[in-house]
Amino acid sequence: MPDTRVIRWGIAGPGRIADAEAGDFGLVPDAELVAVGSRSADRARAFADRHGIERSYGSYRELITDPELDAIYITTPHPQHLAIARAAIEAGKAVLVEKTFTATVAGAEELRELARTRKVFAMEAMWTRFLPAYEQIRALIADGTIGDVRQVQADLGVDRPYDPTDRLFDPKQGGGALLDLGVYLVSFAQHILGAPSEIMINGSLAPTGVDAEFGLLLGYDDGRAATLLGSIKNASPGSARIVGTGGWIDVPPRFHHPSRIIVTRKGAEPEEIDCTPLGHGYPHQFIEVGERIRAGEIESPVVGLDDTVAVQRILNDAAEQLGVHHAEDETVLGS
Ligand SMILES: NC(=O)c1ccc[n+]([C@@H]2O[C@H](COP(=O)([O-])OP(=O)(O)OC[C@H]3O[C@@H](n4cnc5c(N)ncnc54)[C@H](OP(=O)(O)O)[C@@H]3O)[C@@H](O)[C@H]2O)c1
């Protein structure tokens with residue numbers, strides 16, 4: 001008998017992204033958002049009321065131990081992902097962990113090993129890879145439409161007013177352009193080209209010591225390369241291009257949630273392909289998690305844990321080169 005169960009979700013971290021995505025659960029077949037957890041019972045209740053969610057908890061541990069839940073979507077800042085995901089996996093709950101997966105490479109490796117040992121589903125919420133545009137890109141590359149893929153270029157910048165208490169500028173919240181925006185750029189390059197052999201970066205820091213802007217060159221032994229520009233000091237279009245020996249694919253702004261792509265085959269006129277996503281684009285990742293859980297699988301082949309660790313290594317290596325050292329926060333579950 002095929003598994004047709006409804007996946008019951010809980011959200012850990014009632015912040016901005018959780019608010020933005022909660023409504024998209026309504027577009028996911030066989031899924032229900034039934035609980036939310038916070039460090040504060042009032043904030044959890046307010047979030048539950050805003051989104052019509054049944055149960056709210058004033059601690060992350062209570063959320064994780066709710067026996068009715070199948071999956072936890074972790075939407076706290078990056079340094080709190082590890083402690084919450086570890087506890088959830090140990091409680092047998094599937095986890096979908098916001099990007100960046102963890103604050104450190106050791107944290108990402110630990111979660112990968114734990115999920116595999118416990119045979120519990122775990123995935124980084126790299127929603128971009130599940131969008132129809134990226135399904136199309138994978139198919140075009142596999143068909144050889146643009147020949148042998150040699151180069152990737154992409155940019156992503158936001159003009160964020162400097163505020164040392166803002167998550168993006170606060171080192172304790174895993175701030176910086178690399179972990180927040182660079183993750184999309186690096187994940188894009190890693191998806192298309194794999195893990196690089198060389199990582200070179202130039203950039204500058206905000207007064208709080210987090211990276212504020214960067215230019216990143218990923219080099220491959222066979223001469224392939226990716227050039228990636230990111231910033232929280234200035235906006236930039238957010239476009240991407242994949243170049244092969246037989247043409248190129250443009251992913252128009254913003255490349256991490258596009259609704260169309262443009263393919264230019266050598267010697268031919270560009271062809272635009274419509275790739276409209278569901279809702280705000282988030283449902284696709286929740287659909288993926290549900291399908292994998294129902295199939296009894298513990299990883300997604302599209303955002304596998306090896307990919308996530310490879311991306312994390314690039315990000316942390318690049319941050320270290322700029323003098324930025326990230327750390328995990330083990331205090332979020334309380335004592
Ligand atoms: N997929 C996307 O498009 C997207 C977009 C934006 C952000 N994100 C990711 O989502 C995560 C959260 O980002 P956000 O912008 O939603 O953050 P946010 O608005 O600051 O919300 C984070 C939530 O985490 C909880 N939290 C737990 N421990 C915390 C701590 N020590 N410090 C601060 N907050 C803590 C807070 O809830 P309580 O205080 O109530 O516990 C807060 O509501 C990040 O990893 C980010 O990269 C993804």
Side-chain angles (χ1 to χ4, degrees), residues 10-24 35-48 50-51 53 56-64 72-85 87 95-104 107-108 123-131 156 158 160 163-188 210 230 232 238 254-258 277 279-286 288-289 303 308 311-312 315 326-334:
I11 285 190
R16 275 169 291 194
I17 192 59
D19 259 325
E21 297 199 24
D24 270 8
V36 58
S38 160
R39 292 173 297 176
S40 135
D42 288 347
R43 286 198 292 275
R45 188 70 257 151
F47 185 91
R50 278 201 299 283
H51 297 288
I53 297 170
S56 62
Y57 297 108
S59 80
Y60 291 111
R61 201 173 287 286
E62 283 175 282
L63 174 78
I64 287 161
I72 308 287
Y73 177 32
I74 300 170
T75 57
T76 62
H78 333 306
Q80 289 78 36
H81 293 172
L82 172 63
I84 298 174
V95 291
L96 176 65
V97 185
E98 255 313 328
K99 53 81 190 166
T100 297
F101 195 55
T102 51
T104 63
M123 189 179 95
E124 180 188 16
M126 187 37 74
W127 58 302
T128 297
R129 291 191 185 185
F130 301 105
L131 297 173
L156 195 57
V158 296
R160 190 86 157 214
D163 170 359
T165 65
D166 183 327
R167 176 175 70 76
L168 255 57
F169 292 99
D170 179 4
K172 289 208 174 73
Q173 295 187 66
L178 273 163
L179 292 196
D180 199 72
L181 301 174
V183 64
Y184 285 116
L185 298 160
V186 168
S187 182
F188 178 72
V210 303
I232 53 173
R254 286 182 67 91
F255 83 89
H256 62 303
H257 52 94
H280 297 101
Y282 302 117
H284 299 280
Q285 65 178 347
F286 302 123
E288 171 77 359
V289 176
V303 183
T308 290
V311 168
Q312 191 85 42
L315 292 169
H326 288 287
E328 308 291 357
D329 171 16
E330 292 285 353
T331 67
V332 66
L333 293 174

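Basis for what follows: all heavy atoms, side chains included, without hydrogens, waters or symmetry-related copies. Counting convention: from 1, in listed order, for ligands and their atoms alike.
Listed by number with element, the atoms of ligand 1 under 4.0 angstrom from any heavy atom of E21 are 1 (N). Applying the 4.0 Å criterion to heavy atoms of D180 picks out, from ligand 1, the atoms 47 (O). For ligand 1, the atoms sitting less than 4.0 Å from at least one non-hydrogen atom of W127 are 1 (N), 2 (C), 3 (O), numbered in the order shown with element in parentheses.
The aromatic rings of H78 and H81 sit perpendicular to each other, their planes meeting at more than 60°, with 30° as the lower class boundary. Under the 30°/60° scheme for interplanar angles, the aromatic rings of H256 and Y184 are found to be tilted.
Proximity of T308 to K99: side-chain heavy atoms (C-beta onward) are nowhere separated by under 4.5 Å. Considering only heavy atoms from C-beta on, H257 stays 4.5 Å or farther from P277 through its side chain.
Side-chain atoms of D24 come within 3.5 Å of backbone N or O of H280 as a donor-acceptor pair. Side chain of T100 to main chain of L179: a donor-acceptor pair is present (N/O by atom type, distance under 3.5 Å, no hydrogens or angles).
Across all non-hydrogen atoms, the minimal contact from V210 to D170 is CG1-C, 4.2 Å. Smallest separation of non-hydrogen atoms from G13 and T75: O-OG1, 2.5 Å. Across all non-hydrogen atoms, the minimal contact from Q312 to F101 is OE1-CB, 3.7 Å. Across all their heavy atoms, G107 and E328 have their closest contact at CA-OE2, 3.7 Å. Closest approach of P79 to G174, counting heavy atoms only: CG-N, 3.5 Å. Scanning all heavy atoms of the two residues, the minimum distance from S38 to R43 falls at OG-CB, 3.7 Å.
With respect to atom 25 (C) of ligand 1, the closest heavy atom belonging to the protein is Y60 OH, 3.3 Å. Among all non-hydrogen protein atoms, the one lying nearest atom 33 (C) of ligand 1 is Q173 OE1, 3.4 Å. In terms of protein heavy-atom proximity, atom 5 (C) of ligand 1 is closest to I17 CD1, 3.3 Å. Protein heavy atom in closest approach to atom 20 (O) of ligand 1: R16 NH2, 3.8 Å. Regarding atom 40 (O) of ligand 1, its nearest protein heavy-atom neighbour is S38 OG, 2.5 Å. Shortest contact from atom 48 (C) of ligand 1 to any protein heavy atom: E98 OE1, 3.1 Å.
Residue H81 places a heavy atom less than 4.0 Å from ligand 1. The closest approach between H256 and ligand 1 stays at or above 4.0 Å for every heavy atom of the residue. Judged by the shortest distance from any of its heavy atoms, Y184 lies inside the 4.0 Å radius around the atoms of ligand 1.
Under 4.0 angstrom from ligand 1, there are no non-hydrogen atoms of L179. At a heavy-atom distance under 4.0 Å, no atom of K172 approaches ligand 1. Contact annotation for R39 and ligand 1: heavy atoms of both the backbone and the side chain come within less than 4.0 Å of the ligand.
Distances between N or O atoms of A125 and those of ligand 1 include no value under 3.5 Å. The shortest N/O to N/O separation between Y73 and ligand 1 does not fall below 3.5 Å. Among the atoms of R167, some N or O lies under 3.5 angstrom from an N or O of ligand 1. The shortest N or O to N or O distance between V332 and ligand 1 is not below 3.5 Å.
Of the candidates K99, Q80, H78, the one placing a heavy atom closest to atom 31 (N) of ligand 1 is Q80. When the heavy-atom distances from atom 37 (O) of ligand 1 to A18, G15, A12, P14 are ranked, the shortest goes to P14. Checking T75, I11, T76 against atom 44 (C) of ligand 1, the nearest heavy atom belongs to T76.
A ring-centre distance under 6.0 Å is found for Y73 and F286.
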